[in-house]
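Report on the structure given below.
Remember, it's 1-based here, ligands and their atoms both numbered in the order they're listed.
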Amino acid sequence: MTTVDPITTRETAPATGAPAPSGPSATARRYLMCRPSHFAVDYVINPWMDPTSPVDAGLAVAQWERLREIYLDLGHTVEEIDPLPGLPDMVFAANGGTVVDGIALAVQFRDPQRADEAPAYRAWFERAGFEVHDPKHVNEGEGDILLAGDLLLAGTGFRTAHAAHAQLQEVFGRPVITLQLVDPRYYHLDTALCVLDERTVAYLPEAFSPGSRAALRRLFPDAILARPADAEVFGLNAVSDGRYVVLPVQADGLAAQLRERGYEPIGVDLSELRKAGGGPKCCTLTLREREASK
Ligand code: ARG
């Protein structure tokens, strides 16, 4: 099958072009990615990983390159961190940190298999000139911590410790909303919820505790509620620039819901990386500078 954009009927357009007269508008982003040169599935730290099922490492790189190319075509900047041998999950750059207002909070992984990724990402943030803070608790970066307007949405239940949420609020000075994840298949917040723009999110209600679901309903009454079939193909592990939403091509139901709301879904096939339990968002860390006015 083709990996090129079968969801959207149009070619990807530069985000820097004139916004549509109505509907969501795009903002140029700066992303950090890590080429999956050493990608493999040889341990199990989430229910998607099965070391007995083969992975096509060459295809993983080609699929990742396509993702990177889509971002560049949309007018975004992509930085790269050097992949390290022996760290097969390092491709999932979202787990490398949380970067908001020019401040980078480094990570502490739950699992020893990923521990050595943390100092590599930390060193990258230092070199790039961010103000770096060290984590006090298990904290898996943007996998569990998503900026939505002025709020930080923070997942817990599987990876990031609840105690880490208090540190987030101190470091970033933004209100933190704790969201309790309850389904081990959706072990990181970014597998169950996607921030579409400053006001809207898409999420799978079933992945959250009753209280967290109620909180999400209050905060985002207009949210897109995803269906389990789309979440199962990592549809919510999507990257939105406010208008274009890059998501797994298999999530066609969610793509249709997005289109109805004026977003432009762009499908990408990351079948190989999915074998490690990751999708487009997992491969992408957003680097946010301090806003001049704040
Ligand atoms: N195998 C990796 C892990 O379980 C996948 C990480 C996916 N990253 C994410 N942001 N959801 O840690």
(request) Count the heavy atoms of every other residue, nucleotide or ligand shown that sit under 6.0 Å from CD of Glu65, and state whether that count exceeds 12. (result)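 Above 12, so yes.
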Of all the atoms in ligand 1, which lie at a distance below 4.0 Å from a heavy atom belonging to [X]?
X: Ala276; answer: 1 (N), 2 (C), 5 (C)
X: Tyr187; answer: 4 (O), 5 (C), 6 (C), 7 (C)
X: Met49; answer: 1 (N)
X: Gly143; answer: 10 (N)
X: Ile45; answer: 3 (C), 4 (O), 12 (O)
X: Arg159; answer: 3 (C), 4 (O), 12 (O)

For [atom], what is the nearest protein heavy atom, given as residue, atom name and distance?
atom: atom 12 (O) of ligand 1; result: Arg114 NH1, 2.7 Å
atom: atom 2 (C) of ligand 1; result: Asp89 OD2, 3.3 Å
atom: atom 10 (N) of ligand 1; result: Asp190 OD2, 2.7 Å
atom: atom 9 (C) of ligand 1; result: Cys282 SG, 2.8 Å

For ligand 1, is any non-hydrogen atom under 4.0 Å from [X]'s backbone (N, CA, C, O), its side chain (CB onward), both, or neither?
X: Glu142; value: neither
X: Phe109; value: neither
X: Asn95; value: side chain

(message) Quick check on side chain to side chain contact (heavy atoms under 4.5 Å, CB included): which of Asp89, Asp116, Val138, Asn95 does Phe109 satisfy it with?
(response)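 Exactly one option meets the side chain to side chain contact (heavy atoms under 4.5 Å, CB included) with Phe109, and it is Asn95.
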(request) State whether the shortest distance between N or O atoms of Glu140 and N or O atoms of ligand 1 falls below 3.5 angstrom. (result)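 No: no nitrogen or oxygen of Glu140 is under 3.5 Å from one in ligand 1.
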If you take all heavy atoms of [X] and [Y], which pair is closest and at what distance?
X: Leu74; Y: Val246; result: CD1-CG2, 4.1 Å
X: Ala106; Y: Asn139; result: O-ND2, 4.1 Å
X: Arg114; Y: Tyr43; result: CG-OH, 3.7 Å

(message) Please confirm whether Lys281 approaches ligand 1 to less than 4.0 Å, judged on its heavy atoms.
(response)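 Heavy atoms of Lys281 never come under 4.0 Å of ligand 1.
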(message) When you measure from the heavy atoms of Trp48 to every atom of ligand 1, does any distance fall below 4.0 Å?
(response)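 Contact absent.
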(request) Compute whether any side-chain donor of one residue and acceptor of the other, for Gln167 and His137, lie under 3.5 angstrom apart. (result)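 No, His137 and Gln167 have no side-chain donor paired with an acceptor closer than 3.5 Å.
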(message) Regarding Thr200 and Asp197, do their side chains bring together a donor and an acceptor under 3.5 Å, going by distance alone?
(response)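 The criterion, which ignores hydrogens and geometry beyond distance, is satisfied for Asp197 and Thr200.
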(request) Treat each ILVMFWY residue as a node, draw an edge where side-chain heavy atoms are under 4.5 Å apart, and state whether Phe92 and Leu84 are in one component. (result)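 Cluster IDs for Phe92 and Leu84 differ.
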(request) Please check if the distance between the ring centroids of Phe234 and Trp48 is under 6.0 Å. (result)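 That pair passes the under 6.0 Å test.
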(message) Just to verify, which of Thr27, Thr286, Asp241 counts as forming a side-chain hydrogen bond (donor to acceptor under 3.5 Å, both in side chains) with His76?
(response)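 In the set Thr27, Thr286, Asp241, the residue that makes a side-chain hydrogen bond (donor to acceptor under 3.5 Å, both in side chains) with His76 is Asp241.
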